[in-house]
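Below is one structure, written out as structure tokens, with a few remarks after it.
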Amino acid sequence: MSFSNIMDSNSYSADHPVDPATESLIAARDRMLGPAYRLFYQRPVHLVRGEGTRLYDADGACYLDAYNNVAAVGHCHPHVVDSVSRQLSTLNTHTRYLHGGIVDYSQRLLDTMPEQVDQVMYACTGSEVNDLALRVAEMHTGAKGVIVTSDAYHGNTAAVTAISPSIGGATALGEHVRAVPPPDSYRIPAEELAEQFTAGVVAAIADLQAAGSGLSALIVDTVFSSDGIYPDPSVLAPAVEAVHRAGGIFIADEVQPGFARTGEAMWGFFRHGVVPDLVTMGKPMGNGLPIAAMAARAEVLDTFARGVPYFNTFGGNPVTVAAAAAVLDVIDDESLMRSANDVGTRLRDELDRLGAGHPRIGDVRGSGLYIGVEVITETGTPDRAGARALVNAMRDRRVLISVCGRDGNVLKIRPPLVFSNSDVDWFCTEFAAVLTSPF
């Protein structure tokens, strides 16, 4: 089976023995879903219940969730559950009927954006809105060329698979796509990060223009999640300026850094001091219900909006909008942005302390509750096997994380926003223990 960096760096394979009940469930799943799907961990986890930062398996064992940003305000948050239940028991249709919920929510959402970003369209997944953003960009610019980072992930439709090099396998970048190195703050001096990243973007622009594709857009996940989590806020503004000079637009993919994740701002692009032309968001938006959105500058959206009638049967339906509104309520009412900053800073500091002097921990970086830990060999090279071993050792201690990065060697720590100081204590106790064992 072909290898996918984003899918297989922390995936189960049949080479690893599991108990008979788990083996039977895996076999049934494979038989009916086929081989394209993946499971996490050498010993997959059979989950049956969640609450806050806790997940529970079929045997009743409790796990600390330090990975899932989908349940952004915590698994089964009572306010979200209540809001969705009330709306589901009242009405659920689509956006070709009038309904006040989508209007009220849209105003609240746009109020979190720069004033230049003043319209919004809805879909069900981040893949769909990134696909939509590419269409909008192409119609606005009259060009097809897209610039991404070298291990980006932007979704799984045909259009966004073509701009998602981290998927790998039998997929390939489109001929109209150029990939540039991410701003690797572990290996590039801080004073050179912005210059090197911008130089890569400028070279890609020239290549696209020479190839006849022109420049449509630069699309970036603003914490460079799949590339390895690079939060330095100095790198985007010069690159975006170069893109605008060349007639392209900037799409901020906020599916991962958005909704207060970084602790410093509601949206990751704010940290970089840039105003996007299009902003895409998904996963955490509905705390697990499928809702996604593309916010836009009206002048960028205009050509598409006037030329293409748009309809998405489930995008922005009353039930998922109720979930999304409840998520904003919880972020505000529980001060989760401030908490993400405070708790995330403490977690990062503790990880720094634990990793200091350890020959296999090269770097700890992040912003808010999005943290990467670089795992290296004793000679300093990226250690995919070591990172995988740490992830599975943490899983065996009932703490769930994953990996990311070109070499699959960066521990990805991305818990729900309700992660607390006591959760930090639990996490660090287990992490300290796994660092004392060979990996």
Side-chain angles (χ1 to χ4, degrees), residues 47-56 65 68-113 117-133 155-157 160 253-256 258-261 266-267 278-296 301 305 309-334 336-337 416-418:
L47 297 174
V48 297
R49 184 168 66 89
E51 182 179 356
T53 60
R54 307 296 197 262
L55 289 166
Y56 298 85
D65 185 0
N68 285 293
N69 71 325
V70 176
V73 297
H75 295 278
C76 302
H77 193 287
H79 181 58
V80 179
V81 171
D82 181 61
S83 297
V84 168
S85 299
R86 281 188 284 110
Q87 186 58 57
L88 186 59
S89 68
T90 305
L91 174 73
N92 198 30
T93 55
H94 51 68
T95 54
R96 294 181 74 180
Y97 297 105
L98 284 171
H99 190 268
I102 194 171
V103 176
D104 294 342
Y105 177 75
S106 296
Q107 185 63 65
R108 290 182 67 187
L109 184 67
L110 291 171
D111 283 346
T112 70
M113 298 279 172
V117 178
D118 55 358
Q119 293 185 341
V120 60
M121 299 177 71
Y122 291 92
C124 300
T125 67
S127 296
E128 289 176 276
V129 290
N130 279 335
D131 188 300
L132 176 62
N156 56 26
T157 70
V160 293
D253 183 341
E254 293 287 332
V255 171
Q256 299 218 46
F259 291 98
R261 168 63 45 187
M266 187 68 167
W267 306 105
L278 302 174
V279 183
T280 57
M281 65 206 79
K283 284 185 176 73
M285 189 173 181
N287 214 52
L289 270 72
I291 181 169
M294 180 196 73
L301 183 56
Y310 175 81
F311 178 57
N312 185 308
T313 300
F314 299 111
N317 70 71
V319 168
T320 57
V321 163
V327 167
L328 292 186
D329 292 342
V330 177
I331 289 173
D332 289 342
D333 294 347
E334 299 184 14
L336 291 185
M337 187 189 307
L417 298 177
V418 292

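For the single chain, residues carry numbers from 1 onward in sequence order.
- A donor-acceptor pair under 3.5 Å is absent between the side-chain atoms of N68 and the main chain of V70, judged by distance alone.
- Looking at heavy atoms from C-beta onward, Y122 lies out of side-chain contact with T320 at the 4.5 angstrom threshold.
- One distance of note links NZ of K283 with CD of Q256; it measures 5.5 Å at 0.5 Å rounding.
- L301 has its side chain within reach of M121: a pair of non-hydrogen atoms, C-beta onward, lies under 4.5 Å apart.
- For the pair T112 (side chain) and L109 (backbone), a donor-acceptor distance under 3.5 Å is present.
- The two residues P284 and F259 come nearest to each other via the heavy atoms CG-CD1, 4.0 Å.
- The pair R86-D82 counts as a salt bridge, with a side-chain nitrogen and a carboxylate oxygen less than 4.0 angstrom apart.
- Two residues are said to be in side-chain contact when any heavy atoms from C-beta on lie closer than 4.5 Å; T280 and L278 fail this criterion.
- Between M266 and I331 there is a side-chain heavy-atom pair separated by less than 4.5 Å.
- Side-chain N or O atoms of Y105 include none that pairs as donor or acceptor with a backbone N or O of P318 at under 3.5 Å.
- The shortest heavy-atom contact between I102 and T95 is CD1-CG2, 3.5 Å.
- At distances below 3.5 Å, at least one donor-acceptor pair connects side-chain atoms of N287 with backbone N or O atoms of V73.
- Distance alone, capped at 3.5 Å, is enough to place a donor-acceptor pair between the N92 side chain and the V319 backbone.
- A pairwise comparison of heavy atoms in Q87 and A322 identifies CB-CB, 3.9 Å as the closest pair.
- Annotation for F311: atom CZ counts as buried by contact number, over 12 foreign heavy atoms lying within 6.0 Å.
- The shortest side-chain heavy-atom distance between H99 and T93 does not fall under the 4.5 Å cut-off.
- What you find for L328 and R108 is that their closest heavy atoms are CB-NH2, 3.3 Å.
- Taking CD of E128 as the start and CD1 of I291 as the end, the distance is 11.5 Å to the nearest 0.5 Å.
- Under the 3.5 Å distance criterion, the side-chain polar atoms of S127 are matched with a main-chain donor or acceptor of N156.
- Here M281 contributes atom CE and M294 contributes atom CE; the two are 9.5 Å apart, rounded to the nearest 0.5 Å.
- Heavy-atom contacts from other residues, nucleotides or ligands closer than 6.0 Å to CZ of F314 number 12 or fewer.
- The minimum heavy-atom distance linking V255 with G282 is given by the pair CG2-N, 3.6 Å.
- H79 and D329 form a side-chain donor-acceptor contact under 3.5 Å, judged by distance and modelled atom types alone.
- Across all non-hydrogen atoms, the minimal contact from L110 to V117 is CD2-O, 3.7 Å.
- Of the possible polar contacts, none joining the E51 side chain to the L55 backbone as a donor-acceptor pair under 3.5 Å is found.
- For the atom pair CG (D118) and OG (S106), the distance works out to 12.0 Å, reported to the nearest 0.5 Å.
- Here the rule is side chain to side chain donor-acceptor pair (under 3.5 Å) with T157, and of N130, D131, T125 only D131 fits it.
- Atom CE of M337 is separated from atom CG of L417 by 9.5 Å, given to the nearest 0.5 angstrom.
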